[in-house]
2 protein chains.
Amino acid sequence: MLSADRLSGTMSLRHAVLGILAREPMSGYDITKVFNQAMVDVWPARHTQIYPELSKLLQEGLIELDGKGPRGRKTYRLTEAGLEEVRIWLLRPDPAHGQRHEALLRVYFLWLLEPAEAREYMRREAEYHRAVLGLYEHIYETIPPSHPAEKLRAMVLEWGIEYERGISEWAEQSTPVAEKIVAGGKKRR
Amino acid sequence: MLSADRLSGTMSLRHAVLGILAREPMSGYDITKVFNQAMVDVWPARHTQIYPELSKLLQEGLIELDGKGPRGRKTYRLTEAGLEEVRIWLLRPDPAHGQRHEALLRVYFLWLLEPAEAREYMRREAEYHRAVLGLYEHIYETIPPSHPAEKLRAMVLEWGIEYERGISEWAEQSTPVAEKIVAGGKKRR
DNA sequence: GCCTCCATGTAATTGGTTACATGATTCT
DNA sequence: AGAATCATGTAACCAATTACATGGAGGC
């Protein structure tokens with residue numbers, strides 16, 4: 001079996017923080033915004049997770065204080081050791097591919113619903129993913145492809161667009177199929 | 001923003017357990033196998049999580065003891081209340097779509113590597129997903145489409161095949177692109 | 001003066017993984 | 001007799017979410 005093991009435990013959050021700081025010094029507040037804007041669809045994170053992580057990274061010498069600003073603002077920059085740490089992470093041959101997908105998990109159990117309810121579930125999924133597709137296409141237009149990091153982000157977004165296109169089409173095509181499957185199960189009882 | 005909130009907190013594990021028991025009475029050991037075979041790519045789970053959950057479900061009257069077998073084997077069956085609980089979950093309009101994807105997260109930071117290393121990363125991703133695609137195609141052939149649950153599983157697998165095909169193609173096409181992006185970044189410094 | 005956004009943190013809880021632990025049955 | 005698989009559980013730990021908590025700066 002290709003997955004079942006190694007779902008996390010690789011501490012991606014800390015490496016993502018280091019990777020973000022590799023571009024330019026930032027505060028915890030700024031980093032939080034990056035997570036919930038540019039990175040929200042691959043790795044969301046809240047400030048409540050970021051601030052403690054920054055403390056740890058500082059203590060371990062992977063980042064250092066860069067400066068202070070108004071309202072207690074503190075910016076951090078990456079140290080040489082921190083850069084080394086991200087590089088090692090990037091070269092590790094074990095990115096986690098296993099992911100939990102609640103919307104797909106539910107599909108397994110649609111036979112417990114009425115056929116019309118199952119159809120409605122799939123229809124909503126299709127609708128949702130079409131909406132996200134539109135959103136991604138819009139964001140894609142607005143990425144300034146200057147720094148390599150932005151070009152890589154655009155590259156990931158291209159996959160995101162493909163993904164949303166694919167899953168919305170699958171959900172659309174599967175909507176009547178699901179209804180029939182569930183109806184077939186009821187009849188035979 | 002379409003995600004950022006509601007990543008979990010919907011307690012999918014317990015509902016998945018109930019959904020599995022909806023088909024037929026089973027032991028914790030059997031349920032674990034289902035999670036790590038049929039459901040491993042949408043919701044993996046270990047026995048260490050299942051046994052305590054079964055205790056809770058039993059206490060809450062959502063399942064009940066069905067029988068005992070050799071080696072202390074205990075099978076459970078779904079109660080009416082348990083079936084109701086899964087149905088309510090399936091009809092809730094909020095399946096979590098946000099997911100953490102470490103392999104894609106790393107792509108954002110490939111500019112911190114040498115161009116050849118970045119290329120190698122993407123090449124490996126393509127390779128990995130082509131392998132999973134082959135695996136899924138093989139599994140797809142071997143699903144006996146008798147019970148509606150199996151037909152729904154086949155439907156989900158169809159998406160899985162599409163997904164792996166799409167992402168492996170994307171990774172393949174992006175391999176030279178990533179290398180160029182990273183090389184471009186080095187030059188300009 | 002008030003509202004919004006900036007900015008930082010802690011604590012409690014939940015969900016999930018890893019490690020620890022044990023024993024019975026079946027197959028070879 | 002020994003190995004593999006069946007079978008069940010607990011405890012420690014880590015990652016992530018939710019709730020709690022506070023205050024400064026800037027715009028209207």
Side-chain angles (χ1 to χ4, degrees), chain A residues 3-17 25-37 39-40 42-59 63 65-76 94 96 98-102 105, chain B residues 3-17 25-37 39-40 42-59 63 65-76 89 94 96-102 105:
Chain A
S3 46
D5 311 297
R6 317 238 92 253
L7 285 167
S8 74
T10 37
M11 294 186 301
S12 301
L13 180 89
R14 66 164 24 206
H15 294 107
V17 168
M26 272 187 204
S27 68
Y29 188 84
D30 296 333
I31 294 168
T32 305
K33 276 199 295 186
V34 174
F35 272 106
N36 291 303
Q37 283 168 18
M39 269 157 209
V40 72
V42 299
W43 207 275
R46 318 246 154 161
H47 75 277
T48 52
Q49 216 185 340
I50 309 231
Y51 289 119
E53 192 62 49
L54 285 170
S55 301
K56 279 184 233 158
L57 292 170
L58 191 63
Q59 227 181 279
I63 60 174
L65 201 62
D66 180 68
K68 296 196 174 192
R71 278 159 297 198
R73 177 185 169 91
K74 289 179 280 180
T75 56
Y76 300 93
D94 60 352
Q99 23 185 326
R100 294 192 159 73
H101 200 307
E102 197 200 312
L105 176 68
Chain B
S3 45
D5 310 297
R6 320 237 89 254
L7 285 167
S8 73
T10 37
M11 293 186 303
S12 301
L13 180 89
R14 68 165 20 206
H15 294 106
V17 169
M26 269 186 207
S27 68
Y29 189 83
D30 296 334
I31 294 169
T32 304
K33 277 199 295 183
V34 173
F35 272 105
N36 291 302
Q37 283 169 17
M39 270 157 207
V40 73
V42 298
W43 208 275
R46 317 246 156 163
H47 75 278
T48 52
Q49 216 186 339
I50 308 226
Y51 289 119
E53 192 61 51
L54 284 170
S55 300
K56 280 185 232 157
L57 291 169
L58 192 64
Q59 226 180 278
I63 60 174
L65 201 61
D66 178 70
K68 298 196 173 191
R71 278 159 296 200
R73 177 185 170 92
K74 288 180 280 180
T75 56
Y76 300 93
W89 171 68
D94 60 352
H97 289 97
Q99 26 186 323
R100 292 191 160 76
H101 200 306
E102 198 201 309
L105 176 68

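Per chain, numbering begins at 1; letters A, B, ... match sequence-line order. Scope of the values below: all heavy atoms of this structure, side chains included, with no hydrogens, waters or symmetry mates.
To the nearest angstrom, P of dT10(D) lies 14 Å from CD1 of Ile50(B). Note: NZ (Lys68(A)) to P (dT8(C)) measures 11 Å, nearest angstrom. Separating the NZ atom of Lys33(A) from the P atom of dC5(C) is a distance of 12 Å, rounded to the nearest angstrom. Atom CE in Met11(A) sits roughly 15 Å away from atom C1' in dT18(C) (whole-Å rounding). With rounding to whole Å, Phe35(B) atom CZ is found 12 Å from dG16(C) atom C1'. Between Asp66(A) atom CG and dA7(C) atom P the separation is 14 Å, expressed in whole Å. Rounded to whole Å, the distance from CH2 on Trp43(B) to P on dG16(C) is 5 Å. Between Gln49(B) atom CD and dC20(C) atom C1' the separation is 18 Å, expressed in whole Å.
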Report, one pair per line, the protein and nucleotides 9-13 of chain C atoms (nitrogen or oxygen only) whose separation is under 3.5 Å.
unit_1, atom_1, unit_2, atom_2, d
dG9(C), OP1, Lys74(A), NZ, 2.5
dG9(C), O6, His47(A), NE2, 3.0

Could I get a table of every N or O pair under 3.5 Å where one atom is in the protein and the other is in nucleotides 26-28 of chain D?
none

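Closest approach of Ala96(B) and Glu102(A) over heavy atoms only: N-OE1, 3.4 Å.
In this structure Trp89(B) satisfies the ring-ring contact (aromatic ring centres under 6.0 Å, His included) test together with His15(B), sequence neighbours excluded. Partners of Glu53(B) by side chain to side chain donor-acceptor pair (under 3.5 Å), not counting sequence neighbours, listed by chain and number: Arg14(B). A search for side chain to side chain donor-acceptor pair (under 3.5 Å) contacts involving Arg71(B) returns nothing, not counting sequence neighbours. In this view, Thr75(B) and Asp66(B) satisfy the side chain to side chain donor-acceptor pair (under 3.5 Å) rule, not counting sequence neighbours.
Between the side chain of Arg100(B) and the main chain of Gln99(A), no donor-acceptor pair closer than 3.5 Å is present. Judged purely by atom type and a 3.5 angstrom limit, Asn36(A) uses its side chain to pair as donor or acceptor with the backbone of Thr32(A).
The shortest distance between the side-chain N/O atoms of Arg100(B) and the OP1/OP2 oxygens of dG16(C) is not below 4.0 Å. Regarding contacts with the backbone of dT18(D), a side-chain N or O of Arg46(A) is found under 4.0 angstrom from either OP1 or OP2. Checking the phosphate oxygens (OP1, OP2) of dC6(D), a side-chain nitrogen or oxygen of Tyr29(B) falls inside 4.0 Å.
Toward the 5′ end of DNA chain D lies the nearest nucleotide of Asp30(B), the other residue of the pair Leu13(A) and Asp30(B) mapping further downstream.
Put simply, the side chain of Ile50(A) does not reach to within 4.5 Å of the side chain of Tyr29(A), judged on heavy atoms. A heavy-atom distance below 4.5 Å is found between the side chains of Ser27(B) and Arg73(B).
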